[in-house]
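One structure is given below, encoded as structure tokens.
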Amino acid sequence: MRGWLLAAMSILAACTGGTPEAQLRQQFDEMQAAVEAGRPGDFLDGVSPAFTGGDGMDRAALHNLLRARALTNTRIGATTGPLNVTVDGDNAEVAFDLLLTAGSGGLLPDQAGTYRVVTAWRQEDGEWRVHHARWERGR
């Protein structure tokens with residue numbers, strides 16, 4: 001009986017995505033895919049209702065920005081460098097370099113920009129969500 005209990009607990013742990021870092025990376029990947037697919041609502045599933053960002057941006061402003069970009073560009077690319085993930089209990093930080101590209105679907109992007117992004121995450125209802133982000137345009 002004890003062996004079955006341990007096996008069941010192992011399966012449940014595997015289903016929840018493993019370590020907090022693995023869960024963060026999975027959530028990050030899903031959010032990146034949502035941006036590239038032009039699904040801002042799916043991206044916002046990983047954003048806290050209490051989100052704050054640069055220049056006083058809140059969750060609604062972030063949603064409007066993503067929707068506008070999705071409507072005006074046929075293709076949006078979000079290429080990240082290696083993720084630097086630091087977990088401290090129910091809080092985490094994910095820092096990365098980001099190359100954003102946007103275009104009308106041609107061979108080359110119409111717009112491109114690089115950024116250094118630092119995001120603060122926390123556990124909310126058992127899910128990792130971004131509650132703060134700051135970014136600086138690359139040179």
Side-chain angles (χ1 to χ4, degrees):
M1 181 68 165
R2 193 166 157 209
W4 284 102
L5 181 59
L6 289 173
M9 289 174 60
S10 297
I11 291 170
L12 287 174
C15 290
T16 60
T19 67
E21 182 174 342
Q23 293 170 359
L24 277 160
R25 288 178 182 277
Q26 180 179 348
Q27 178 74 329
F28 186 95
D29 290 347
E30 290 171 5
M31 292 170 74
Q32 182 176 356
V35 165
E36 291 180 333
R39 297 186 327 262
D42 290 346
F43 175 87
L44 286 175
D45 288 344
V47 177
S48 173
F51 173 82
T52 60
D55 297 327
M57 180 178 284
D58 63 6
R59 189 175 194 270
L62 177 61
H63 188 213
N64 289 337
L65 174 67
L66 292 171
R67 283 192 337 207
R69 292 290 181 183
L71 290 172
T72 58
N73 295 290
T74 303
R75 170 104 172 83
I76 297 174
T79 304
T80 60
L83 301 182
N84 183 7
V85 179
T86 306
V87 178
D88 183 16
D90 287 344
N91 296 295
E93 180 179 278
V94 179
F96 54 95
D97 292 319
L98 172 67
L99 171 62
L100 280 178
T101 57
S104 56
L107 182 60
L108 297 174
D110 299 326
Q111 302 171 37
T114 58
Y115 300 86
R116 179 66 183 161
V117 183
V118 179
T119 57
W121 299 67
R122 66 177 163 220
Q123 284 273 341
E124 294 179 358
D125 300 323
E127 299 288 328
W128 285 104
R129 290 197 175 85
V130 178
H131 69 91
H132 181 74
R134 67 181 187 274
W135 51 92
E136 180 179 307
R137 185 152 183 130
R139 292 174 174 73

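- His63 and Pro40 get closest at one heavy-atom pair: CD2-CB, 4.0 Å.
- Remark: Val117 pairs with Phe96, Leu98, Tyr115, Thr119, Trp135 by the side-chain contact (heavy atoms from CB on, under 4.5 Å) rule, at least two apart or across chains.
- In this model, no donor atom of one side chain and acceptor atom of the other lie less than 3.5 Å apart for Glu127 and Gln123.
- When side chains are defined from C-beta on, Trp121 does not count as touching Asn91, because their heavy atoms never get closer than 4.5 Å.
- Taking the side chain as every heavy atom from C-beta outward, Asp45 and Arg129 never approach each other to under 4.5 Å.
- Follow the hydrophobic side-chain contacts under 4.5 Å out from Leu100 and you reach Phe28 in the same cluster.
- Phe43 and Leu83 fall within the same hydrophobic cluster, defined by Ile, Leu, Val, Met, Phe, Trp and Tyr side-chain heavy atoms under 4.5 Å apart, directly or through other members.
- Contact of the Arg59 side chain with the Leu44 side chain is registered, since non-hydrogen atoms from C-beta on lie closer than 4.5 Å.
- Judged by distance alone, the side chain of His131 and the main-chain N or O of Phe51 form no donor-acceptor pair under 3.5 Å.
- Looking at heavy atoms from C-beta onward, Met57 lies in side-chain contact with Leu65 at the 4.5 angstrom threshold.
- Annotation: salt bridge (charged side-chain N to carboxylate O under 4.0 Å, His left out) contacts of Glu93 (sequence neighbours excluded): none.
- Within the model, atoms CD of Glu21 and CH2 of Trp128 stand 10.5 Å from one another, a figure rounded to the nearest 0.5 Å.
- Minimum heavy-atom separation, Asp42 to Arg39: OD2-NE, 2.5 Å.
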### Task
Walk me through it: do Met31 and Val47 pass the test side-chain contact (heavy atoms from CB on, under 4.5 Å)?
CA-CA 9 Å; Met31 292 170 74; Val47 177; 3.8 Å; yes

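- Summarising the geometry of Ala95 relative to Arg116, their closest heavy-atom pair is CB-NH2, 3.4 Å, with the distance given to 0.1 Å.
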### Query
Given Thr114 and Arg137, is the side-chain contact (heavy atoms from CB on, under 4.5 Å) satisfied, shown in steps?
CA-CA 6 Å; Thr114 58; Arg137 185 152 183 130; 5.7 Å; no

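- Within the 4.5 Å cutoff, side-chain heavy atoms of Val87 are placed close to those of Leu24.
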### Stepwise side-chain hydrogen bond (donor to acceptor under 3.5 Å, both in side chains) check, Gln23 with Gln27
CA-CA 6 Å; Gln23 293 170 359; Gln27 178 74 329; over 6 Å; no

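- Two residues are said to be in side-chain contact when any heavy atoms from C-beta on lie closer than 4.5 Å; Ser48 and Arg122 meet this criterion.
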